[in-house]
Structure formats: C-alpha cells, structure tokens
Amino acid sequence: MKEKPEFSFYDKVYMVARQVPKGRVTSYGAIAKYIGSGRSARMVGWAMNNCGTVMPPVPAHRVLNKQGLLSGKHHFPGMGLMQELLENEGIEIEDDKVVDFEKVFWDPNVELKPFKSL
DNA sequence: TCAGTGACTGTTT
DNA sequence: AAAACAGCCACTG
C-alpha cells in the first residue's frame, strides 16, 4: 500500500505553520523543503495568502523569509499587526526584521519528523 | 489552454 | 555589499 498524502500543497504548509512553537519563527524555504519542494518557497507564501480561509487559522506571522524579514506583514490587517503578534510571543523586532533570528529560528526539517512518517 | 502573478531563494553581475 | 536575473510551482482570469 503506497501512502498517498491526501494533503494538498496548501494543507502541508498550513500543517507545518501551525506546529511552529510559540516564540519561534520559520522560513518559507524551510517549509517548502519539508514538504518536498525546497525551491517552491513562493508557493508557500502563496498558500499563506489563503491562510485566512482555512481552519483553524494559521499563525502566518511566524513564517518569515530566510532573512528574518517580515516580508508578509503588508498582507496582515491593520498596521504592524504581524510585528505586534511576534513581539507578543517574546520575539524582538527591529526595522521589520527579527532580532536574533537564528536563535528563534525553528526548522521543521530538524524539529519535526519527516512528513512521510506522519 | 495560455499567460500573468506571487508573503522566496540561490546564483550571478 | 547590493542589485539584478533566473528557477520554481500553484492558482486565477
């Protein structure tokens, strides 16, 4: 029996994003690689665009680019909401980027088990 | 069906 | 070091 993930590309992204621990952040590329396409980071970002249409809601504010920059903050409602959410979790933000990004970085490829094992 | 878009990343200039 | 180019794949019109 071949395991056939019924999970769509979106679902995989949401699944990983939801498992990001509080006070931690990850990058699109890390998620993309975790789901099997290390170079499809753009698709991860695109999936995040629909994050508000899925349940439960996805903490897209914990997903940043590899530079630790809040690249998607402009997509959040209000102004600086994404930054406030991150700061609320203990993450320090400066100039729209995460301080000590390497320290709060959470890599699903390391912290989580391979997707096939799920 | 084809073409355009996009919350990224790596390589090259 | 910074900017530009290319690759990548899924969704919409």
Side-chain angles (χ1 to χ4, degrees):
Chain A
M1 297 307 244
K2 45 231 114 204
E3 71 292 314
K4 214 275 300 176
E6 337 297 354
F7 305 112
S8 301
F9 192 94
Y10 278 36
D11 295 332
K12 296 178 187 175
V13 176
Y14 303 145
M15 189 184 304
V16 177
R18 283 202 220 87
Q19 275 151 103
V20 177
K22 177 183 167 194
R24 296 280 198 167
V25 293
T26 188
S27 64
Y28 302 98
I31 297 175
K33 183 171 186 174
Y34 180 71
I35 66 181
S37 295
R39 289 184 175 161
S40 50
R42 310 178 101 181
M43 277 64 267
V44 177
W46 189 248
M48 283 296 152
N49 199 6
N50 286 331
C51 70
T53 70
V54 296
M55 288 285 271
V58 178
H61 62 274
R62 292 181 184 153
V63 184
L64 318 170
N65 66 6
K66 210 173 190 185
Q67 301 175 11
L69 204 102
L70 283 62
S71 45
K73 74 166 193 173
H74 292 290
H75 292 261
F76 278 77
M79 285 174 52
L81 176 61
M82 186 176 184
Q83 179 173 333
E84 287 186 40
L85 289 170
L86 289 169
E87 289 181 331
N88 187 29
E89 296 187 353
I91 298 174
E92 207 172 337
I93 311 294
E94 185 175 295
D95 195 20
D96 291 347
K97 69 177 175 255
V98 176
V99 180
D100 298 327
F101 175 64
E102 298 179 0
K103 296 179 183 177
V104 297
F105 181 70
W106 181 86
D107 190 344
N109 302 284
V110 176
E111 305 296 338
L112 292 182
K113 297 173 284 197
F115 192 79
K116 310 160 198 172
S117 299
L118 294 178

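Hydrogens, waters and symmetry mates are skipped; everything else that's a heavy atom, side chains included, is used.
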Side-chain heavy atoms under 4.5 angstrom apart, residues restricted to Ile, Leu, Val, Met, Phe, Trp, Tyr: same cluster for [X] and [Y]?
{"X": "A:Val20", "Y": "A:Tyr28", "answer": "yes"}
{"X": "A:Val104", "Y": "A:Val99", "answer": "no"}
{"X": "A:Val25", "Y": "A:Val44", "answer": "no"}

Listed partners of A:Tyr34 passing ring-ring contact (aromatic ring centres under 6.0 Å, His included), at least two apart: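 ring-ring contact (aromatic ring centres under 6.0 Å, His included) check on A:Tyr34 returns nothing, list empty.
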
Are any side-chain N or O atoms of [X] and backbone N or O atoms of [Y], one a donor and one an acceptor, separated by less than 3.5 Å?
{"X": "A:Asn50", "Y": "A:Ala47", "result": "no"}
{"X": "A:Arg18", "Y": "A:Val13", "result": "no"}
{"X": "A:Thr26", "Y": "A:Trp106", "result": "yes"}

Closest-nucleotide 5' rank along DNA chain C - winner of A:Trp46 and A:Arg39: A:Arg39

First of A:Arg42 and A:Phe9 reached from the 5' end of DNA chain C, by closest nucleotide: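 Going by which nucleotide is closer to the 5' end, it is A:Arg42.
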
A:Ser27 to A:Val63 - nearest heavy-atom pair and separation: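 Heavy-atom minimum between the residues: C-CG1, 4.4 Å.
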
Minimal non-hydrogen separation, A:Asn109 against A:Ala30, with atom names: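 Nearest heavy atoms, A:Asn109 then A:Ala30: ND2-O, 3.1 Å.
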
Those residues of [range] lying under 4.0 Å from DNA chain B by at least one heavy atom:
{"range": "residues 81-101 of chain A", "value": "none"}
{"range": "residues 57-80 of chain A", "value": "A:Ala60, A:Asn65, A:Lys66, A:Ser71, A:Gly72, A:His75, A:Phe76"}
{"range": "residues 13-34 of chain A", "value": "A:Ser27, A:Tyr28, A:Gly29"}

Passing candidate, side-chain contact (heavy atoms from CB on, under 4.5 Å) with A:Leu64, options A:Val98, A:Leu69, A:Ile91: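 It is A:Val98, the one option of A:Val98, A:Leu69, A:Ile91 that forms the side-chain contact (heavy atoms from CB on, under 4.5 Å) with A:Leu64.
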
Between CD on residue A:Gln19 and OH on residue A:Tyr14, distance to nearest 0.5 Å: 15.0 Å

Span of DNA chain C in contact with chain A (heavy atoms, under 4.0 Å): C:dG7 to C:dC11

Neighbour count above 12 (heavy atom, 6.0 Å) for A:Glu92 CD: no

Listed once per pair and sorted, the salt bridge (Lys or Arg N to Asp or Glu O under 4.0 Å) pairs that draw on residues 56-76 of chain A, sequence neighbours left out: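 Those involving residues 56-76 of chain A are A:Arg62-A:Glu89, A:Lys73-A:Asp96.
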
